[in-house]
Amino acid sequence: MRVGVIGGGLMGSGIAEVCARAGVDVTVVEVDDQRAEATRAKVEKSLDRATRSGKLEDGDRAAALDRLAYTTRVPDLEGADAAIEAIVEDEGAKRDLFLELDRVLPDAEFLASNTSSVPIMKLAADTSKPERVLGMHFFNPVPVLPLVELVRSIMTSEQTLDRAREFAEGTLRKTSIDSQDRAGFVVNALLVPYILSAIRMYESGFAAKEDIDRGMVKGCAHPMGPLALADLIGLDTLLAVSQSLYEEFRDPASVAPALLNRMVEAGLLGRKSGRGFYDYSS
């Protein structure tokens with residue numbers, strides 16, 4: 001099987017890695033050569049880390065690297081069996097990409113989006129075969145977390161859903177859950193209002209960020225607190241999901257706090273920028 005992964009950021013590089021480790025040939029598409037090389041370096045570093053920790057054999061690491069190819073041209077995906085989009089969380093950019101994928105891959109089994117906020121029907125609407133478009137929402141870090149949300153639009157066919165489930169569970173050895181095509185899907189519809197509430201608590205001076213996070217870790221057995229989790233997700237992604245949730249449901253709990261808006265405007269996006277609610281520069 002050959003899969004195209006479009007976008008080599010935090011999520012795209014992880015998706016490409018798990019596909020290659022599962023025996024799938026992967027072509028990663030990035031916007032330019034510099035970013036393609038950065039994606040290659042990220043995947044190699046992750047594979048090296050898995051090898052050092054004993055989770056991956058040297059031979060399996062080498063085989064995974066051999067299955068990975070990098071390009072800057074979507075037409076280079078011609079002939080791929082499927083494609084997974086993991087580009088910037090921007091509806092217009094994603095819709096344009098799905099139109100191009102529709103032209104380049106007329107016979108692909110499915111075209112999937114890793115979006116965490118954009119309704120799948122909006123991405124499928126202008127394609128020639130909306131029945132083969134669905135959401136496959138992975139979780140960060142992709143090589144570690146086992147979940148994939150399968151999001152079916154009102155046009156996604158049963159055959160497409162079954163094939164995507166077979167790929168997620170049978171090939172990638174992930175656990176899948178089904179979601180309706182509603183903003184936030186299952187996990188983020190529950191998670192994002194919780195994180196936004198924690199930001200409001202910190203913003204108001206009710207509690208220190210360390211105490212908010214420590215309270216949820218030590219008191220509720222969460223693996224990390226909500227503000228540390230926001231930094232891991234990326235504050236720009238968190239903002240995009242909150243806006244999508246509010247646009248669809250008009251729930252005040254989904255309104256982004258002013259602090260979140262200001263941090264994104266300042267480029268304080270969390271771990272990926274080196275600073276968010278916490279400092280990662282060192």
Side-chain angles (χ1 to χ4, degrees), residues 1-20 22 24-33 35-36 39-40 43 67-138 142 148-168 171-172 174 176 179 181 185 237 240 244:
M1 186 176 184
R2 178 172 168 242
V3 169
V5 175
I6 305 89
L10 196 62
M11 297 303 296
S13 61
I15 294 168
E17 179 185 339
V18 298
C19 288
V24 177
D25 291 327
V26 185
T27 301
V28 181
V29 182
E30 257 295 2
V31 295
D32 55 40
D33 291 332
R35 293 195 187 184
T39 300
R40 185 195 304 271
V43 174
R67 296 187 190 104
L68 287 156
Y70 301 85
T71 182
T72 60
R73 300 178 64 255
V74 173
D76 289 342
L77 298 181
E78 184 178 359
D81 300 295
I84 303 173
E85 170 272 314
I87 66 171
V88 63
E89 199 70 0
D90 177 86
E91 181 184 322
K94 290 179 184 291
R95 291 179 73 166
D96 290 344
L97 175 60
F98 270 81
L99 285 176
E100 186 173 10
L101 291 173
D102 189 51
R103 292 191 298 268
V104 172
L105 299 173
D107 300 319
E109 297 175 356
F110 60 82
L111 304 178
S113 174
N114 183 60
T115 182
S116 52
S117 64
V118 179
I120 301 303
M121 194 61 243
K122 290 187 176 182
L123 305 180
D126 297 329
T127 66
S128 64
K129 299 176 182 177
E131 67 275 7
R132 66 174 178 159
V133 178
L134 81 162
M136 291 187 71
H137 182 213
F138 293 78
V142 182
V148 178
E149 286 181 310
L150 299 179
V151 186
R152 179 181 187 174
S153 82
I154 58 174
M155 293 296 290
T156 305
S157 70
E158 196 71 38
Q159 180 181 357
T160 295
L161 188 65
D162 289 346
R163 182 64 187 96
R165 191 186 317 280
E166 179 185 340
F167 177 69
T171 301
L172 302 185
K174 296 285 189 181
S176 71
S179 172
D181 186 19
F185 314 134
T237 300
S244 179

Colleague: Would you sort out whether Glu30 and Tyr70 count as a side chain to side chain contact (heavy atoms under 4.5 Å, CB included), showing the intermediate values?
Modeller: CA-CA 8 Å; Glu30 257 295 2; Tyr70 301 85; over 6 Å; no
Colleague: Can you see which heavy atom on Ala82 is nearest to which on Met1, and at what distance?
Modeller: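 Looking at all heavy atoms of both residues, the closest pair is CB-CE, 4.1 Å.
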Colleague: Looking only at heavy atoms, what is the nearest atom pair of Lys129 and Pro106, with distance?
Modeller: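 Taking Lys129 first and Pro106 second, the nearest heavy atoms are NZ-O, 2.6 Å.
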Colleague: Side chains of Lys174 and Val142: does their closest heavy-atom pair fall under 4.5 Å?
Modeller: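 They are in side-chain contact.
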Colleague: Check step by step if side chain to side chain contact (heavy atoms under 4.5 Å, CB included) holds for Arg103 and Leu99.
Modeller: CA-CA 7 Å; Arg103 292 191 298 268; Leu99 285 176; 4.1 Å; yes
Colleague: Looking at Lys122, His137, Glu85, which hits side chain to side chain donor-acceptor pair (under 3.5 Å) with Ser113?
Modeller: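 It is Glu85; the other options fail the test.
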Colleague: Measuring only between side-chain heavy atoms, which start at C-beta, is Leu111 closer than 4.5 Å to Leu123?
Modeller: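 Heavy-atom side-chain distance check fails, nothing below 4.5 Å.
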Colleague: Taking NZ, NE, NH1 and NH2 as the nitrogens, is one of them in Asp102 or Arg132 under 4.0 Å from a carboxylate oxygen of the other?
Modeller: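 Yes, charged N to carboxylate O under 4.0 Å.
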Colleague: Rounded to the nearest 0.5 Å, what's the gap from OG on Ser179 to CZ on Arg152? Could you check?
Modeller: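 One gets 12.5 Å once the value is rounded to the nearest 0.5 Å.
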Colleague: Are Asp162 and Gln159 close enough that some pair of their side-chain heavy atoms sits under 4.5 Å apart?
Modeller: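 Contact flag for Asp162/Gln159 side chains = no.
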Colleague: State, yes or no, whether a side-chain contact exists between Lys94 and Glu91 at a heavy-atom distance under 4.5 Å.
Modeller: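 No, every pair of side-chain atoms sits at 4.5 Å or beyond.
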Colleague: With a cut-off of 6.0 Å (strictly less than), are more than 12 heavy atoms of other residues, nucleotides or ligands near CZ of Arg67?
Modeller: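 Yes, the 6.0 Å shell around CZ holds more than 12 heavy atoms from other groups.
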Colleague: Evaluate the criterion side chain to side chain contact (heavy atoms under 4.5 Å, CB included) for residue pair Val133 and Met155; output intermediate values, then yes/no.
Modeller: CA-CA 8 Å; Val133 178; Met155 293 296 290; over 6 Å; no
Colleague: Is there a side-chain contact between Cys19 and Phe167, using heavy atoms and a 4.5 Å cut-off?
Modeller: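 With C-beta onward as the side chain, the pair touches.
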Colleague: To the nearest 0.5 Å, tell me how far Glu78 CD sits from Asp107 CG.
Modeller: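 That separation rounds to 10.0 Å.
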Colleague: Taking the side chain as every heavy atom from C-beta outward, state whether Asp181 and Ile154 have any atom pair closer than 4.5 Å.
Modeller: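 They are not in contact (no side-chain heavy atoms under 4.5 Å apart), so the answer is no.
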Colleague: Side chain of Thr39, backbone of Arg35: donor and acceptor closer than 3.5 Å?
Modeller: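 Yes; judged by distance alone, with no hydrogens or angles, the pair exists.
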Colleague: Would you indicate whether the side-chain heavy atoms of Ser116 and Glu149 approach each other to under 4.5 Å?
Modeller: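 A side-chain contact is absent here, since even the closest heavy-atom pair is not under 4.5 Å.
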Colleague: What is the distance from atom CG of Asp90 to atom CG of Leu97, rounded to the nearest 0.5 Å?
Modeller: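 The CG atom of Leu97 is 11.5 Å from CG of Asp90, to the nearest 0.5 Å.
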Colleague: Run the side chain to side chain donor-acceptor pair (under 3.5 Å) check on Glu89 and Thr115 step by step: do they pass?
Modeller: CA-CA 7 Å; Glu89 199 70 0; Thr115 182; 2.6 Å; yes
Colleague: Taking all non-hydrogen atoms of both residues into account, name the closest pair between Ala20 and Leu68 and its distance.
Modeller: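 Looking at all heavy atoms of both residues, the shortest contact is CB-CG, 3.8 Å.
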Colleague: Please answer whether the main-chain N or O of Val31 pairs with a side-chain N or O of Thr72 as donor and acceptor at a distance below 3.5 Å.
Modeller: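 No: the side chain of Thr72 does not pair with the backbone of Val31.
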Colleague: To the nearest 0.5 angstrom, please state how far the CD1 atom of Ile120 sits from the CG atom of Leu134.
Modeller: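 The distance works out to 7.0 Å.
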Colleague: Over all heavy atoms of both residues, which pair between Gly4 and Leu77 is shortest? Give the atoms and the distance, please.
Modeller: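 Nearest pair, atom of Gly4 first, then Leu77: CA-CD2, 3.7 Å.
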Colleague: Hey, what do you get for CG (Leu150) to CZ (Phe185), rounding to the nearest 0.5 Å?
Modeller: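 The CG atom of Leu150 sits 11.0 Å away from the CZ atom of Phe185.
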Colleague: What are the two closest heavy atoms between Met11 and Phe138, and how far apart are they?
Modeller: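 Of all heavy-atom pairs spanning Met11 and Phe138, the closest is CE-O, 3.3 Å.
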Colleague: Are the side chain of Asp81 and the backbone N or O of Arg2 linked by a donor-acceptor pair below 3.5 Å?
Modeller: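 Confirmed, Asp81 side chain pairs with Arg2 backbone.
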Colleague: Search all heavy atoms of Glu100 against all heavy atoms of Val74 and return the closest pair with its distance.
Modeller: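 Closest approach of Glu100 to Val74, heavy atoms only: OE2-CB, 3.5 Å.
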Colleague: Quick one: are Leu101 and Ile6 in side-chain contact, heavy atoms under 4.5 Å?
Modeller: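 When only atoms from C-beta onward are counted, Ile6 and Leu101 do touch, with a gap below 4.5 Å.
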